[in-house]
Amino acid sequence: MEINPPRKEALKAVSLFLFLCFTLNFLYFKIAGEQIIPRSFTASLVALFLSFLGLNAEATGTFVLMNGASIDVIGECTGIFSIIVYCSVIFAYPTSLRNKTIGLIGIPILYALTLIRLISTALVGVFMPSLLDFFHTYLWQIFLIVFVVLLFLIWRDKVVERRKPFL
Amino acid sequence: MIEDFLAFCNSKGSKRFLGIGKYSTFFITFIIFSTALYLIWSLIASAYFSLILKITTAYFELIGIEVSFNPTRDFLYSQGIRSCIPPYSALILASHFLWKNKRNFDQRKSCYLSLSLEGKSILKGLIIGIPILFLFRVILQISYVYLQIHPVSEFYAIFVIFLSGTCRVALPFLLWFALTYKQIFPPRLEPEKLEKKKQGGRYKKP
């Protein structure tokens, strides 16, 4: 009985993962450039949700203005890097195209989590400004990796492994 | 204390009462480690980035280019605190508490595999991973300097964005994957061979 060793599969997946990371990154920044559209869109959504929460917030370009303060939504704040890595993982993992397509549902989830991070950071900036820097870098660190890993593991458990044959 | 907490989280009673599943357990464990490591790291963040700058300066001196940095204390701290070493370390430590269900060979349906990392693997992950992440940060700093001192192509500028953005997420993920790949990719038959086996025939290579 022939068995695919895990190392061989893993090396193939890693090579494809790195290729996809670079390609998606290159294509995105070649097309998006300064990322004005995604940044402005994110700023608009953040301002909208802050308004729902009762704050006097509005978006001007890539800036969110509220209560005399302003936040500049830079490219990193759109969650694009986590999304690129997540998409690369999904498409590099050896499974059917159907499973990979289902995995793409992680993209809006990651974006929603990014919005939550931005909104909570803005709220800290308004109500506890002395903690803003700490909160901002702390949440950035958490969101950087853990949600990519978690979504990958959930997708792998709930979608891929349910359908794949075992020895 | 953490083991007791996780035993409670994984118990059937807590699942019904608190609704905490294995994913939440992993996430909560990660938050605990991440918070502790972040607080410890905040004490050495400035020194860490100062070392990065010293190594970068030494590299350029070696190749005959004079480079000097005059960072403020705030700049050193703000750059050092953004290191991906603390979240990576938290990920590795939290992976010890990933789900540990047995694999059922009798059933043809999916089972949750054990992804839990043992003590030796965690140590290996930290001893190998942290220097790699440090070296990556040095390379990134060197690439920033080249961006400033030489006229660069658009391709190089996007490559630096790739290093500073995507790789900051991808590299810790890859290092974590290097420790868990044997569990993530268990040995299995290729689909066409399995199909032939199911049909009772011998698989012949085309």
Side-chain angles (χ1 to χ4, degrees), chain A residues 1-14 17-18 21-22 24-30 75-76 80-86 88-89 93-94 96 133-134 137-138 140-154 156-167, chain B residues 22-23 26-27 30-31 34-35 38 42 78 81-84 86-88 90-91 94-95 98-99 103-105 107-113 115 154-155 157-159 161-162 165-170 172-174 176-178 181-191 193-194 197-198 203:
Chain A
M1 189 169 21
E2 288 192 41
I3 298 170
N4 281 335
R7 185 173 284 189
K8 189 177 162 190
E9 273 198 70
L11 280 172
K12 270 169 61 177
V14 164
F17 168 73
L18 289 170
C21 273
F22 182 76
L24 288 174
N25 185 94
F26 181 80
L27 286 174
Y28 176 78
F29 285 97
K30 185 77 179 160
E76 211 170 313
I80 185 59
F81 298 119
S82 298
I83 291 171
I84 286 174
V85 171
Y86 176 75
S88 302
V89 167
Y93 193 86
S96 68
D133 210 36
F134 167 82
T137 49
Y138 173 68
W140 174 82
Q141 286 207 351
I142 290 174
F143 276 74
L144 197 61
I145 299 162
V146 74
F147 285 113
V148 174
V149 170
L150 211 47
L151 283 172
F152 165 68
L153 290 174
I154 293 172
R156 189 185 154 276
D157 273 354
K158 302 289 188 192
V159 177
V160 176
E161 289 299 319
R162 285 196 185 280
R163 298 170 59 84
K164 209 163 183 182
F166 282 84
L167 289 174
Chain B
K22 51 186 179 291
Y23 307 112
F26 169 65
F27 182 67
F30 175 85
I31 294 288
S34 190
T35 306
Y38 179 79
S42 64
S78 67
I81 202 69
R82 280 166 168 62
S83 167
C84 38
Y88 165 73
L91 181 65
S95 293
L98 277 170
W99 36 106
R103 192 174 173 195
N104 191 340
F105 283 97
Q107 296 177 15
R108 287 277 173 189
K109 45 186 178 179
S110 169
C111 299
Y112 300 119
L113 304 179
L115 292 178
E154 188 188 2
F155 178 82
I158 294 178
F159 179 71
I161 294 173
F162 168 69
T166 306
C167 283
R168 272 199 213 231
V169 186
F173 179 87
L174 269 180
W176 170 82
F177 181 77
Y181 79 91
K182 280 184 185 165
Q183 292 96 320
I184 290 176
F185 290 108
R188 63 178 92 241
L189 282 176
E190 289 171 9
K193 292 174 187 170
L194 182 65
K197 188 173 177 294
K198 274 186 202 171
Y203 174 72

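Each chain gets a letter, A, B and so on, in the order its sequence line appears, and its residues count up from 1.
- Using a 4.5 Å cut-off between heavy atoms, B:Leu174 touches chain A through its side chain atoms alone.
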Please step through side-chain hydrogen bond (donor to acceptor under 3.5 Å, both in side chains) for the pair A:Tyr138 and B:Ser34, ending with a clear verdict.
CA-CA 9 Å; A:Tyr138 173 68; B:Ser34 190; 5.3 Å; no
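- No side-chain heavy atom of B:Phe162 sits less than 4.5 Å from a side-chain heavy atom of A:Phe29.
- For chain A, the nearby part of B:Phe30 is the side chain; its heavy atoms alone come within less than 4.5 Å.
- Put simply, the side chain of A:Phe81 reaches to within 4.5 Å of the side chain of B:Ile161, judged on heavy atoms.
- Heavy atoms closer than 4.5 Å to chain B are found in the side chain of A:Phe152, but not in its backbone.
- Most heavy-atom pairs under 4.5 Å with chain B, from the set A:Ile145, A:Thr137, A:Val89: that is A:Thr137.
- Between B:Ile158 and A:Asn25, the shortest heavy-atom contact is O-ND2, 3.6 Å.
- Distance check: B:Tyr23 OH to A:Leu150 CG gives 8.5 Å after rounding to the nearest 0.5 Å.
- Chosen from A:Val146, A:Ile80, A:Val14, A:Leu24, the residue pairing most often with chain B at heavy-atom distances under 4.5 Å is A:Val146.
- Interface summary for chain B: among A:Ile83, A:Val149, A:Val148, A:Asp133, the most heavy-atom pairs under 4.5 angstrom belong to A:Val149.
- The structure places CZ of B:Phe159 at 6.5 Å from CZ of A:Phe22, a figure rounded to the nearest 0.5 Å.
- For the options B:Pro87, B:Ser42, B:Pro86, B:Ala90, heavy-atom pairs under 4.5 Å to chain A are most numerous at B:Pro87.
- Between B:Phe155 and A:Phe26, the ring planes are tilted. Angles from 30° to 60° get that label.
- A heavy-atom distance below 4.5 Å is found between the side chains of B:Phe173 and A:Phe17.
- Distance CD1/A:Ile84 to SG/B:Cys167: 10.5 Å, rounded to 0.5 Å.
- No part of B:Ser78 comes within reach of chain A, as not one of its non-hydrogen atoms sits under 4.5 angstrom from that chain.
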